[in-house]
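In what follows, a single structure is set out as structure tokens and then discussed.
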Amino acid sequence: MNAHAPVTAADCGPDIRVERGQRAVFCGLTGIVWLHRKIQDAFFLVVGSRTCAHLIQSAAGVMIFAEPRFATAIIDERDLAGLADMNEELDRVVTRLIERRPDIKLLFLVGSCPSEVIKLDLSRAALRLSQRLSPAVRVLNYSGSGIETTFTEGEDACLDALVPGLPQVEAASNELLVVGALADVVEDQFGRLFSELGIQARFLPARRSGEMPAVARGTPYLLAQPFLTATARALDERGARRIPAPFPLGAEGTTLWLKAAAEAFGVDPARFEAVTAPGRARADRALERYRERLSGKRVFFFPDSQLEVPLARFLAREVGADLVEVGTPYLHRAHLAAELELLPAGTAIVEGQSLDDGLDRCREARPDLTVCGLGLANPLEAEGLSTKWSIELLFTPIQGYDQAGDLAELFARPLHRRAKLEV
Ligand code: SF4
């Protein structure tokens, strides 16, 4: 180890604890809010209750006034009492929807807590409807139920459902598969950078259902999001090969993520340097003013989005924040290995959640900033703590060089607001 290098978790290892208990996290339906914007000819039909409908409509905000690409087929009391044939009703709803919206090419039936409780088999429904509506519309299903999923797992379940239908090609071409929904602006930036590196990148999910990338044995893929456990497993089963890397958050994360791909594709280091230098310089300049505002600030993460570890690494290494505790609902040790190595030595990581214990620790530590779900934010604000809603980190483009400053701003803003309130 270099005498001047900061001590990281790789030197002494992170302090990882597993906790079990009550949790406070949105369900996987929330993913529809960003996924329906991403796949432009897809439609997400939640088979659920009025609660599910309210959740998505309020999470998606003003989108309900446009012609949205999501809806809820409400399971009502008659259905729950077993008086109605749910499959017939579902077929009727889908038929009406497809007649009214011929632009839909891919329909997701999204399971919820109620559909699970009444054991409605959505995979059979998807198969039946797919046979009837093919080739104009493909019908897939996944679960967004709060019994099975936390909110980012909804995206994982959706992409996992797409993997079996990805076109199969004989041999791995020289294409890179980038896996995980990214805002279009971020995807375009990465597409340009990869192309300057001489790498042809394809993205999963694609913007249109007919343009999903092909897979072959040996296809190299790079995860763009840290919560894609099931999707990665499905790709591995099809013979694709994950390129281990940290995640593209901040200047350092983006460089290391791109570098992992560049090395896998044998890109000349000088070319890599030349292609990435302008972006790194822009990100460094953008981060400069946040170092002063965030340096030394004590940050506490409640387990929520599964983005916590990469975000903590970004905050600690790029803007000098102190990590009080990094909670995460699940810790995929292989996918996060490169991230864990970069964390400051002894960083307290808590996998899982015991809500009351977490709240006790947070209240005792009185961090400068608490990153948490919406349900916890208001009570903590009322107790005088500054909070950042973790869900905002999913709705905002934060990956890549040109978003590094925006990412830091998301953390700096609540501190600024509280400082103003205190004045
Ligand atoms: Fe609530 Fe379950 Fe519906 Fe999610 S799926 S909104 S947790 S009832």
inquiry  = If I compare all heavy atoms of Pro367 with all of Leu385, which pair ends up nearest, and what's the gap?
reply    = O-CD2, 3.7 Å
task = May I have the step-by-step check of salt bridge (charged side-chain N to carboxylate O under 4.0 Å, His left out) for Arg291 and Glu318, ending in yes or no?
result = CA-CA 8 Å; Arg291 289 198 181 105; Glu318 300 200 37; 5.3 Å; no
message = If you compare all heavy atoms of Ser305 against all heavy atoms of Thr152, which two are closest, and at what distance to 0.1 Å?
response = O-OG1, 2.8 Å
inquiry  = I'd like to know if the side chain of Thr30 reaches the main chain of Phe26, judged simply by a donor and an acceptor atom lying under 3.5 Å from each other, with no hydrogens or angles considered.
reply    = no
Which atom of Leu410 lies closest to which atom of Pro414, heavy atoms considered = O-CD, 3.2 Å
task = Check the pair Val185, Asp402 against side chain to side chain contact (heavy atoms under 4.5 Å, CB included), reporting the backbone distance first and the verdict last.
result = CA-CA 10 Å; Val185 58; Asp402 293 304; over 6 Å; no
query = Should Asp322 and Arg317 count as an ion pair when the cut-off is N to O under 4.0 Å?
reply = no
message = Do the side chains of Glu325 and Arg298 get close enough for a salt bridge, i.e. N-O under 4.0 angstrom?
response = no
request  = Before giving the answer on side-chain hydrogen bond (donor to acceptor under 3.5 Å, both in side chains), spell out for Arg313 and Thr347 the whole-Å C-alpha distance, their side-chain angles and the decisive distance to 0.1 Å.
outcome  = CA-CA 10 Å; Arg313 180 265 302 155; Thr347 299; over 6 Å; no
message = Nearest 0.5 angstrom please: Leu311 CG to Glu339 CD, how far?
response = 9.0 Å
message = For Asn87 and Arg128, which I'm curious about, is there any donor-acceptor pair between the side chains at under 3.5 Å?
response = yes
key: Over all atoms of both residues, closest heavy-atom pair of Ala260 and Ala245   = CB-CB, 3.5 Å
request  = May I ask you to decide whether Glu19 forms a salt bridge with Arg17, counting only side-chain N to carboxylate O separations under 4.0 Å?
outcome  = yes
key: Expected output: side-chain Ser390 to main-chain Cys372 donor-acceptor under 3.5 Å   = yes
Short side-chain to backbone donor-acceptor contact, Ser354 and Gly21, under 3.5 Å = no
ask   = After noting the C-alpha distance and the side-chain angles of Val215 and Val163, does the key distance pass the side chain to side chain contact (heavy atoms under 4.5 Å, CB included) rule?
value = CA-CA 9 Å; Val215 191; Val163 171; 5.8 Å; no
request  = Please answer whether the main-chain N or O of Glu196 pairs with a side-chain N or O of Arg271 as donor and acceptor at a distance below 3.5 Å.
outcome  = yes
query = If you measure from CG on Leu193 to OG1 on Thr255, what distance do you get to the nearest 0.5 Å?
reply = 9.5 Å
key: Name of the residue among Phe247, Tyr401, Phe190 meeting ring pair (Phe, Tyr, Trp, His ring centres under 6.0 Å) with Trp257   = Phe190
key: Side-chain donor/acceptor of His54 to backbone N/O of Arg50, under 3.5 Å   = yes
inquiry  = Would you say the ring centers of Phe108 and Tyr142 fall short of 6.0 Å from each other?
reply    = yes
note = Heavy atoms of Ala224 and Pro248 approach each other most closely as O-CD, 3.9 Å
ask   = Glu381 and Thr387: side-chain donor and acceptor closer than 3.5 Å?
value = yes
query = Looking just at side-chain N and O atoms, do Glu153 and Thr150 make a donor-acceptor pair shorter than 3.5 Å?
reply = yes
message = Strictly distance-based, threshold 3.5 Å: is any side-chain N or O of Thr396 a donor or acceptor partner for the main-chain N or O of Leu393?
response = no
query = Just checking, is any N or O donor in the side chain of Glu116 or Ser143 under 3.5 Å from an acceptor N or O on the other one?
reply = yes
task = Could you pull out the closest heavy-atom pair between Lys105 and Ala136, with the gap in Å?
result = CD-O, 3.6 Å
task = Take Val371 and Phe411 through the side chain to side chain contact (heavy atoms under 4.5 Å, CB included) test and state the conclusion after the steps.
result = CA-CA 9 Å; Val371 184; Phe411 294 105; 3.8 Å; yes
request  = Classify the side-chain pair Thr254/Arg280 by whether it contains a donor and acceptor separated by less than 3.5 Å.
outcome  = no
ask   = Got a second to check how far Leu162's CG is from Ile39's CD1, nearest 0.5 Å?
value = 5.5 Å
task = Under the side-chain hydrogen bond (donor to acceptor under 3.5 Å, both in side chains) rule, what do Thr328 and Glu351 come out as? Steps first, then yes or no, please.
result = CA-CA 5 Å; Thr328 185; Glu351 182 188 10; over 6 Å; no
query = Does a donor on one side chain and an acceptor on the other come within less than 3.5 Å for Arg238 and Gln168?
reply = yes
key: Residues Leu222, Leu177; criterion side chain to side chain contact (heavy atoms under 4.5 Å, CB included); working and verdict   = CA-CA 6 Å; Leu222 198 53; Leu177 189 56; over 6 Å; no
request  = Determine, step by step, whether Arg92 and Glu89 satisfy the salt bridge (charged side-chain N to carboxylate O under 4.0 Å, His left out) criterion, reporting the C-alpha distance in whole Å, the side-chain angles of both residues, the deciding distance to 0.1 Å, and the verdict.
outcome  = CA-CA 5 Å; Arg92 211 170 18 246; Glu89 298 229 341; 3.7 Å; yes
task = Please report the C-alpha distance between Lys38 and Asp184 in whole Å, then the side-chain angles of each, then the deciding distance to 0.1 Å, and finally whether the salt bridge (charged side-chain N to carboxylate O under 4.0 Å, His left out) criterion is met.
result = CA-CA 7 Å; Lys38 188 71 217 171; Asp184 289 352; 2.7 Å; yes
message = Run the side chain to side chain donor-acceptor pair (under 3.5 Å) test against Arg20 and tell me which residues pass, sequence neighbours left out.
response = none
key: CG-CG distance between Leu122 and Leu127, expressed to the nearest 0.5 angstrom   = 12.5 Å
Donor on one side chain, acceptor on other, Ser209 and Asp41, under 3.5 Å = yes
Backbone of Asp304 reached by a side-chain donor or acceptor of Glu308 within 3.5 Å = yes
message = Could you tell me if Gln189 and Gln403 have a donor-acceptor pair between their side chains, going purely by distance under 3.5 Å?
response = yes
request  = Calculate, to the nearest 0.5 Å, the distance between atoms OG1 and CG belonging to Thr229 and Asp156 respectively.
outcome  = 5.5 Å
inquiry  = Tell me whether Glu211 is salt-bridged to Arg202, with the criterion being a basic N under 4.0 Å from an acidic carboxylate O.
reply    = no
request  = Please report the C-alpha distance between Arg233 and Glu237 in whole Å, then the side-chain angles of each, then the deciding distance to 0.1 Å, and finally whether the salt bridge (charged side-chain N to carboxylate O under 4.0 Å, His left out) criterion is met.
outcome  = CA-CA 6 Å; Arg233 196 183 312 121; Glu237 278 163 12; 5.5 Å; no
request  = Give a yes or no answer on whether the side chain of Arg333 reaches the backbone of Leu331 with a donor-acceptor pair at less than 3.5 Å.
outcome  = yes
inquiry  = Tell me if the centroids of the rings in Phe44 and His36 come within less than 6.0 Å of each other.
reply    = no
query = Quick one: does Glu252's side chain have a donor or acceptor within less than 3.5 Å of a partner on Phe314's backbone?
reply = no
